[in-house]
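Take a look at the structure below.
These figures come from a predicted structure and were not determined experimentally. Note that the numbering runs from 1 along the sequence shown for the chain. Whatever order the structure lists them in is the order used to number ligands and atoms, beginning at 1.
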Amino acid sequence: MIRRYDFAPLDGITKAVYRRVWARRFGGADRLFIPYFSPTREHIVTKRERVELAPENQAFAPQATTEAAPELVPQVMTNTARELLWAAEVTRDLGYTELNLNLGCPSGTITAKTKGAGLLARTDTLQAMLDGACDKLCLPLSVKARIGYESPDEFPALLDLFNRYPLKTLILHVRVRKDKYSGPLYYDAFADALRESRNPVEYNGDLRTVAEVDAFAARFPGADAVMIGRGGIADPALFRKLKGGAPASRDELRAFTAELFDEYTRFYDGQVGHAAQRMREVWFYLIHLFDDNRRLNKAMRRFRTTAEYHAAEDAIFAELPLRTDSTGDLI
Ligand SMILES: Cc1cc2nc3c(=O)[nH]c(=O)nc-3n(C[C@H](O)[C@H](O)[C@H](O)COP(=O)(O)O)c2cc1C
């Protein structure tokens, strides 16, 4: 039975502005993951990272204080024990109670630096980092990983490695690095993890609707937590529905996108063009909550001016039938 629903980190989308507006208007997730920050060797926290992690910019206090307030979990991308230990201190000092390590990012520029999913192909470096940090960390560590770099055959050895360390949670996006965010999901690897992991495991990958989560839960009765990313952007009411709440109404969505645009505009010191760019990323997924979206999806993907953005959005709300579930492509 699924007892916990976590909102995945989506760099460029679920940053502080989105998290605040979404939590105010929809909510329903038990935990929100903050997209990764990358410590430098000099241990400088950039202004941008400070804004992203500052408790006053969050939807809720970093530590859940009431049942309704989700916990916030910061994520770090690094490959050394020294930086991992430092990141734990920085986030602990800001009030966070868990640190998540990114072992899943498939981007070539990241993996070339032996970070993110790159560490899955360099288990010597991964092991050295965890050996050097795990018994000294001031916060519980969770890991968000893929099940292999090239092939799912790598998973048994990776699971053996993770089993050597006390992790708060082992979150698995059940794809390999080369498939990025599409391509096969290796459910067998998740079944192996449920059976053989010494740490609690959590599933991640392609859940978009309540029916899909129910089917997943029926297939894996031992699973008690899922993390959802793109499905939560495509249908901002998904987490609420998973808790028995109502689907999003047209008015609610309209107010949500308007507030997002206003908050992005404020965040970018009045630069509406920047705000519209952020909205393009949101609509890339949100459009799938509307039927017959081909023409306006194209308009939303290709607009050049802020006026064109507003025109496309107005047309979507005026013309397209709203679905109760998003079942469109996630990529
Ligand atoms: C645009 C984008 C940004 C992402 N940023 C992060 C990130 O900062 N950290 C991370 O661990 N995963 C990141 N991911 C991966 C997601 O957290 C998640 O694992 C992936 O989207 C699969 O889950 P889903 O099918 O529910 O979306 C990102 C994915 C996308 C598409």
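In terms of polar-atom proximity, defined here as any N/O pair under 3.5 Å, Pro9 does make such a contact with ligand 1. For the pair Gly229 and ligand 1, the shortest N or O to N or O distance falls below 3.5 Å.
Closest to atom 25 (O) of ligand 1 by heavy atom, among Val226, Leu101, Asp206, Asn100, is Asp206. Proximity annotation for atom 24 (P) of ligand 1: of Glu281, Arg175, Arg230, Arg230 comes nearest, heavy atoms only.
For Gly231, the heavy-atom gap to ligand 1 stays at 4.0 angstrom or more. Within the structure, ligand 1 lacks Phe7 among the residues with a heavy atom less than 4.0 angstrom away.
Heavy-atom contacts of Ile228 reach the following atoms of ligand 1: 26 (O) (cutoff under 4.0 Å). For ligand 1, the atoms closer than 4.0 angstrom to any heavy atom of Tyr36 are 7 (C), 8 (O). With ligand atoms numbered from 1 in the order given, ligand 1 contributes 31 (C) to contacts under 4.0 Å with heavy atoms of Tyr285. Which parts of ligand 1 touch Gly205 is read off a 4.0 Å heavy-atom cut-off, strictly below it: atoms 25 (O). Of all atoms in ligand 1, listed by their number and element, those nearer than 4.0 Å to a heavy atom of Pro35 are 8 (O). Atoms of ligand 1 lying under 4.0 Å from at least one heavy atom of Ala8, given by number and element, are 17 (O). Of all atoms in ligand 1, listed by their number and element, those nearer than 4.0 Å to a heavy atom of His173 are 22 (C).
A salt bridge is defined here as a Lys NZ or Arg NE, NH1 or NH2 lying under 4.0 Å from an Asp or Glu carboxylate O, and Arg254 with Asp314 meets this definition.
Nearest protein heavy-atom contact of atom 3 (C) of ligand 1 is Asp11 N, 3.1 Å. Looking only at protein heavy atoms, the nearest one to atom 30 (C) of ligand 1 is Leu10 CD2, 3.6 Å. Residue, atom and distance of the protein heavy atom nearest to atom 28 (C) of ligand 1 are Tyr181 OH, 3.4 Å. Atom 18 (C) of ligand 1 has Asn204 OD1, 3.5 Å as its closest protein atom, hydrogens excluded (heavy atom only).
Although no hydrogens or angles enter the test, the distance criterion places no donor-acceptor pair under 3.5 Å between the side chain of Asp325 and the main chain of Thr209. For Asn293 (side chain) and Ile287 (main-chain N/O), a donor-acceptor pair under 3.5 Å exists by modelled atom type. Judged by distance alone, with hydrogens and angles left aside, the side-chain atoms of Arg177 form no donor-acceptor pair with the main-chain N or O of Gly118 at under 3.5 Å.
Aromatic ring orientation, Phe190 versus Tyr203: perpendicular (interplanar angle above 60°, classes split at 30° and 60°). Between Trp283 and Phe290, the ring-plane angle classifies as tilted under the 30° and 60° cut-offs.
Between the side chains of Asp235 and Tyr285, not a single donor N or O lies within less than 3.5 Å of an accepting N or O. Under the 3.5 Å distance criterion, with hydrogens and angles disregarded, a donor-acceptor pair is assigned to the side chains of Tyr268 and Arg278.
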With side chain to side chain contact (heavy atoms under 4.5 Å, CB included) as the criterion, how do Leu253 and Leu322 come out once you've worked through the C-alpha distance, each side chain's angles and the decisive distance to 0.1 Å? CA-CA 10 Å; Leu253 288 166; Leu322 180 62; 3.6 Å; yes
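Annotation: cation-pi geometry satisfied between Arg146 and Tyr181 (NZ/CZ under 6.0 angstrom from ring centroid, within 45° of ring axis).
Screening Phe256, Phe26, Phe267 against Tyr18 for a ring pair (Phe, Tyr, Trp, His ring centres under 6.0 Å) leaves a single residue, Phe256.
Aromatic ring centres of Phe303 and Tyr309: separated by under 6.0 Å.
By the criterion of a heavy-atom distance under 4.0 Å, the side chain of Gln75, and not its backbone, is placed next to ligand 1. Residue contacts with ligand 1, taken as heavy atom pairs separated by less than 4.0 Å, involve Lys144 solely via side-chain atoms from C-beta onward.
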